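What follows is one structure encoded as structure tokens, with my remarks underneath.
Per chain, numbering begins at 1; letters A, B, ... match sequence-line order. Heavy-atom basis, side chains included; hydrogens, waters and symmetry copies ignored. Predicted model, so just to flag it, every value in this text is computed and none were measured.
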Protein chains: 2
Amino acid sequence: MSTSALNARAGLKRDRVRDFLLDLIGDKRPGDAIPSERDLCRELGVSRPTLRAAIDDLVRQGLLVREHGRGTFIGPHKVTQQLAATAGSSFYVPPAEGHWLSRVLEFDSAPAGARLAHRLQVSPADPVLRAVRLRIVDDEPMAIERIHLPHALVRGLAPEDMESGSFYQLLRARFGVDVRSAVQTIEPTVTDETEAELLGVPQYAPALLFERTTRDAGGRIVELTRSIYRGDRYRITSELYFDADSG
Amino acid sequence: MSTSALNARAGLKRDRVRDFLLDLIGDKRPGDAIPSERDLCRELGVSRPTLRAAIDDLVRQGLLVREHGRGTFIGPHKVTQQLAATAGSSFYVPPAEGHWLSRVLEFDSAPAGARLAHRLQVSPADPVLRAVRLRIVDDEPMAIERIHLPHALVRGLAPEDMESGSFYQLLRARFGVDVRSAVQTIEPTVTDETEAELLGVPQYAPALLFERTTRDAGGRIVELTRSIYRGDRYRITSELYFDADSG
DNA sequence: GGCGCATAGTGGTCTTTACCAGTAGCCGCG
DNA sequence: CGCGGCTACTGGTAAAGACCACTATGCGCC
């Protein structure tokens with residue numbers, strides 16, 4: 001590589017390419033195409049691996065979307081999930097933006113086994129229902145959800161029951177399961193190969209990993225879920241309260 | 001490249017290299033070194049760009065840490081932040097795990113200007129205090145926090161006041177600002193160049209972006225913060241409540 | 001024994017080249 | 001006019017090579 005007038009950090013070719021692309025993106029709308037890789041290489045005087053590295057970064061951020069054989073396009077915008085307190089003291093979880101559906105990918109039942117039995121507080125021989133569903137909003141995959149429930153709670157539940165409407169409402173109305181509270185963890189992660197394919201994002205794209213242990217009014221564990229939300233299309237809001245001792 | 005017995009998706013050299021490295025990582029502890037890039041290339045029969053792409057992925061996940069001129073090492077483990085309801089109805093924010101300190105990087109005051117005035121609900125000419133601090137836990141940078149407060153609320157506040165202890169307690173005790181509630185958004189992001197350097201992670205590493213609008217008991221906006229938490233070392237837990245209408 | 005320098009390690013950046021695989025558009029034929 | 005095939009586009013994967021820059025270790029000299 002020939003000498004660069006800029007210092008090694010600020011002036012890397014990859015960085016200058018990325019800045020150029022950010023300016024390009026700023027002028028366009030979701031779905032618009034950007035010039036082809038080979039055109040950009042000629043225009044910017046860089047090699048394809050270097051250009052691709054810059055584009056890789058923007059793809060991981062959700063700003064660009066690549067389609068094999070078609071081109072590279074401006075990415076769509078984010079969906080927001082709000083966690084807000086209701087007038088009462090409960091911490092209400094309203095629906096996220098957009099029109100949500102689910103597609104059930106897997107649906108089976110098997111004995112809990114030692115580890116799952118412990119987490120669900122059932123006997124290891126008790127059957128546990130296991131469902132995997134793809135959460136879809138406005139026709140695009142948004143999340144993959146893996147759910148475990150004690151089978152005894154939901155006798156007769158069918159896959160299509162989990163594809164529209166509120167699952168918690170269904171639990172209440174049909175099975176008398178009064179879903180009341182949950183502990184949930186959120187952490188950033190990156191998609192693996194299967195998740196990437198299902199969600200339509202690249203492998204190792206930023207994502208949010210949610211794990212939730214849900215209880216009914218009596219404190220009984222009714223559900224374990226583990227969900228991956230694509231990071232380029234999802235954001236959480238929450239409303240916090242502090243008392244006199246809060247940090 | 002010679003023909004591959006495995007199909008294009010499952011059998012990419014990059015993927016096989018990554019799987020090999022995951023096995024290697026599984027046998028070691030944080031801080032342990034893995035073999036050098038050139039050694040791994042010889043051992044696995046792949047080119048350096050291909051090996052580096054596989055290592056890049058593991059570095060972004062926080063599983064590996066690279067040090068220029070020294071080697072590649074196993075990454076450290078995650079810190080957990082808990083959001084839990086207290087016995088009262090408020091949504092308490094307890095301290096996250098570990099011993100937290102701050103280092104104030106920037107600390108100045110300037111007129112709010114139109115946009116910030118709108119968000120803070122002050123006049124554009126009102127001075128606003130702006131602080132940037134690096135949040136450190138157990139001697140490692142964990143987050144970068146950018147804070148704006150109306151200067152009138154905190155006359156006499158000095159940078160060192162923000163480096164240890166609870167800032168909200170300080171607001172209460174010294175300035176009579178009764179911090180009571182906040183709206184916060186959380187979304188996954190990737191670090192930019194400056195953030196990466198301050199946090200000691202690679203650029204474009206997964207991170208969590210928090211934006212918070214904090215109010216006092218009277219509903220007055222007392223603080224705006226925008227924070228980046230490194231994604232390889234941070235996780236959030238929360239406790240959720242559902243009423244009879246919750247989804 | 002300590003310090004400084006040089007060398008050999010390490011990771012980091014980029015180019016060039018080759019080839020694979022998917023998609024779209026155009027042209028020709030039925 | 002529609003369909004199929006071919007070509008030229010697009011992105012995708014990988015290797016080889018060159019050189020930069022940081023760090024650690026060892027050796028020699030003071």
Quick one: list whatever passes side-chain contact (heavy atoms from CB on, under 4.5 Å) with Glu106(A), sequence neighbours left out. Arg130(A), Val132(A)

Expressed in angstrom and rounded to an integer, what is the separation of [X] atom [atom1] from [N] atom [atom2]?
{"X": "Phe73(A)", "N": "dC9(D)", "atom1": "CZ", "atom2": "P", "answer": "16 Å"}
{"X": "Leu51(A)", "N": "dT16(C)", "atom1": "CG", "atom2": "P", "answer": "13 Å"}
{"X": "Leu21(A)", "N": "dG11(D)", "atom1": "CG", "atom2": "P", "answer": "12 Å"}
{"X": "Lys13(B)", "N": "dC20(C)", "atom1": "NZ", "atom2": "C1'", "answer": "14 Å"}
{"X": "Asp56(A)", "N": "dT13(C)", "atom1": "CG", "atom2": "P", "answer": "14 Å"}
{"X": "Leu40(A)", "N": "dG11(D)", "atom1": "CG", "atom2": "C1'", "answer": "13 Å"}

How about Arg135(B) and Ser102(B): does a side-chain donor come under 3.5 Å of a side-chain acceptor? yes

May I ask you to check whether over 12 heavy atoms, not counting those of Arg226(A), lie within 6.0 Å of atom CZ? no

Generate the contact string for nucleotides 4-11 of chain C. Rules: B means base contact, S means sugar-phosphate contact only, - means no protein heavy atom under 4.0 Å. -----BBB

Below 4.0 Å: OP1/OP2 of dC14(C) and any side-chain N or O of Thr50(A): no

Are any non-hydrogen side-chain atoms of Arg146(B) and Thr225(B) less than 4.5 angstrom apart? no

Please tabulate, for the side chains in residues 40-49 of chain B, all donor-acceptor contacts under 3.5 angstrom to protein atoms that are two or more places apart in sequence or on a different chain.
| residue | atom | partner | partner atom | Å |
| --- | --- | --- | --- | --- |
| Arg42(B) | NH2 | Asp39(B) | OD1 | 2.4 |
| Ser47(B) | OG | Thr50(B) | N | 3.4 |
| Ser47(B) | OG | Thr50(B) | OG1 | 3.0 |
| Arg48(B) | NE | Glu37(B) | OE1 | 3.3 |
| Arg48(B) | NH2 | Glu37(B) | OE1 | 2.8 |

Expected output: side-chain Arg18(B) to main-chain Ile55(B) donor-acceptor under 3.5 Å: no

